[in-house]
Amino acid sequence: MSLSRANVLFMACVTGLIVANLYYSQPLIPLIADSFGISQAKAGSLTYLTQSGYALGILLMIPLGDKLERKSQIIVTAALAAVCLFLSALVSDFFVLQIVSFALGMFSIVPQLLLPMAASLSSEQQRGKVIGTVVSGLLIGILFSRTLSGFIGQWIGYQGMFFVAGSLGIIIVLLIGLMLPRNKPNFKGNISCLYRSMYTIIVQEPVLRDATLISSLAFAQFGAFWTTMVLLLANNPFNYDSAIIGAFGLIGAIGAFAAPLVGKFGHNGAANLLIKYGIILTLLSFVVFALSASSLFGIIVGIILIDLGLQVVHVSNQTRIYSLSAVARNRINTVYMSFSFLGTAFGSAFGLYLYNLFGWIGMCVGCIGLSVISYIFFLFSKKNK
């Protein structure tokens, strides 16, 4: 069965709504800190615990998408994520909330099941555009989740936000059952062979290794910025509440609408060039951020640059890796996305560490260093091809 435009748009919407689970807590950090009587830095641990859970969920569960019927796997996983959202609103102990946040990340992996499904159901000619459309939903979900969370959290508290998110999760599960086609993968071996084959894929696919490392560094910078930005804006000289902080997600969404275009150009052979430009955009964003610790205009410009840079790197890399093997797309995606979100988790923790020691400028300098490493590796890998 091929994908209709309605199927593709629905996948993009579901991807955005479920990936949002990973980011609802970010603008709520000050509210959660006040509720539990802890520091904002400790409350910020929820961000990298959720992202770490996501990385582990990808590693353990996404490979099964090459063995199990994908629609059923998506429904079960999305339902468990909805349960975790309700639990996040109900628990009264912060340590338990940390555990639930980790589990929420594990079960919010549906976007990484949908992307290989979209790739397998689309034609070779349309694959780049389809991937770009679905990824645009993912990026918009990441960015708008902060806005939604900030406004609802300011209005009815962080618990209210998680109740709303859990209710959305139940609706999503019902719609998936109605809208998504069934999709049976082609892998014929047993589950043990399935997991062992991931190592073989890493060894045999240099494009996958290159894409994974560059993406991990880009996601690390993304995580560092969006986690520490909350602390910058919640304190002097801005002193913004969670609603205003969440609204900054709308700014980054400007670049996300270009994802289908990036996918189209990447599919036409320009992926390497686009990745180079994406790394440079990300580096420039942190130069702007470093010069804008008290400048609202500079922060807005930097947000546009970093989100566009990540989008260019991510969509171009995914277009490259989904062309490697039709029968191993879920395993390829497992390698790529598990390390990418480990990068996000590392970046969030790295950013908080640098922010606590050296402030905003120190975090920016650290991320500039990550961009430089990424660019050097890009040049090295290109030279050796």
Side-chain angles (χ1 to χ4, degrees), residues 16-54 78-108 140-172 223-235 238-253 344-345 348-349 351-352 355-356:
L17 288 169
I18 294 184
V19 79
N21 295 345
L22 306 179
Y23 301 97
Y24 285 136
S25 65
Q26 284 187 350
L28 302 176
I29 288 173
L31 296 177
I32 293 171
D34 290 343
S35 178
F36 287 95
I38 57 178
S39 69
Q40 292 181 0
K42 185 174 181 180
S45 67
L46 296 179
T47 61
Y48 59 78
L49 285 170
T50 307
Q51 291 152 3
S52 298
Y54 191 70
L80 291 170
V83 170
C84 290
L85 287 165
F86 284 118
L87 288 174
S88 297
L90 294 171
V91 299
S92 56
D93 182 84
F94 184 72
F95 178 69
V96 177
L97 181 59
Q98 289 177 308
I99 295 172
V100 172
S101 295
F102 187 86
L104 174 62
M106 281 191 66
F107 296 123
S108 295
I140 291 169
I142 290 172
L143 299 167
F144 274 92
S145 62
R146 299 181 176 93
T147 304
L148 176 67
S149 179
F151 276 102
I152 293 181
Q154 192 64 33
W155 178 33
I156 54 176
Y158 84 88
Q159 296 99 330
M161 178 59 238
F162 283 119
F163 272 122
V164 170
S167 301
L168 281 173
I170 297 299
I171 294 170
I172 290 168
F225 167 71
W226 282 103
T227 300
T228 56
M229 183 206 72
V230 176
L231 305 183
L232 177 73
L233 297 181
N235 296 290
F238 299 103
N239 295 308
Y240 292 152
D241 61 29
S242 63
I244 297 175
I245 293 171
F248 279 78
L250 294 172
I251 301 165
T344 308
S348 296
L352 285 169
Y355 187 90
N356 285 333

Handout entry: Polar side chain donor-acceptor pair, S149 to Q26, under 3.5 angstrom
Key = no

Practice task
Supply the atom-to-atom distance N356 CG to L231 CG, rounded to the nearest 0.5 angstrom.
Solution key: 7.5 Å

Exercise for the section: Can you see which heavy atom on I18 is nearest to which on A78, and at what distance? Expected result: CD1-CB, 4.1 Å

Fill in the blank from the handout: Scanning both residues in full, the closest heavy-atom pair of S242 with Q154 reads OG-OE1, 2.8 Å

Practice task
Check whether any side-chain N or O of N21 sits under 3.5 Å from a backbone N or O of Y24 as a donor-acceptor pair, and report yes or no.
Solution key: no

Practice task
Answer whether the closest heavy-atom distance between the side chains of T47 and Y23 falls below 4.5 Å.
Solution key: no

Exercise for the section: Return yes if some donor-acceptor pair links the side-chain N/O of T50 with the main-chain N/O of L46 below 3.5 Å, else return no. Expected result: yes

Practice task
Taking the side chain as every heavy atom from C-beta outward, state whether W226 and T344 have any pair of such atoms under 4.5 Å apart.
Solution key: no

Exercise for the section: Would you check, one step at a time, whether the test side-chain contact (heavy atoms from CB on, under 4.5 Å) holds for F162 with F86? Expected result: CA-CA 6 Å; F162 283 119; F86 284 118; over 6 Å; no

Completion exercise
Rounded to the nearest 0.5 Å, the CG atom of L87 sits from the CD1 atom of I99 at a distance of 11.5 Å

Problem - Criterion side-chain contact (heavy atoms from CB on, under 4.5 Å) on V19 and S108, from CA distance to verdict - result: CA-CA 6 Å; V19 79; S108 295; over 6 Å; no

Fill in the blank from the handout: Smallest heavy-atom separation, Y158 atom then S88 atom, equals CE1-O, 4.0 Å

Exercise for the section: Rounded to the nearest 0.5 Å, what's the gap from CG on L28 to CD1 on I245? Could you check? Expected result: 9.5 Å

Completion exercise
Taking every heavy atom of A165 against every heavy atom of L85, the minimum-distance pair comes out as O-CD1, 3.5 Å

Practice task
Enter the distance from L31:CG to I29:CD1 here, rounded to the nearest 0.5 Å.
Solution key: 10.5 Å

Practice task
May I ask you to decide if P30's main-chain N or O and Q40's side chain share a donor-acceptor pair within less than 3.5 Å?
Solution key: no

Problem - Heavy-atom closest pair, residues G153 and M161 - result: N-CB, 4.5 Å

Problem - Closest contact, heavy atoms only, L352 versus A41 - result: CD1-O, 4.3 Å

Practice task
Please state whether the rings of F238 and Y240 are parallel, tilted or perpendicular, taking 30° and 60° as the class boundaries.
Solution key: tilted

Exercise for the section: Measure the CG-CZ distance between D93 and F36 for me, rounded to the nearest 0.5 Å. Expected result: 7.5 Å

Exercise for the section: Begin with the C-alpha distance, continue with both residues' side-chain angles, and end with the deciding distance and a verdict on side-chain contact (heavy atoms from CB on, under 4.5 Å) for Y48 and T227. Expected result: CA-CA 9 Å; Y48 59 78; T227 300; over 6 Å; no

Handout entry: Distance, nearest 0.5 Å, that separates CG of L49 from CG of L104
Key = 11.5 Å

Practice task
May I ask you to decide if G246's main-chain N or O and T147's side chain share a donor-acceptor pair within less than 3.5 Å?
Solution key: yes

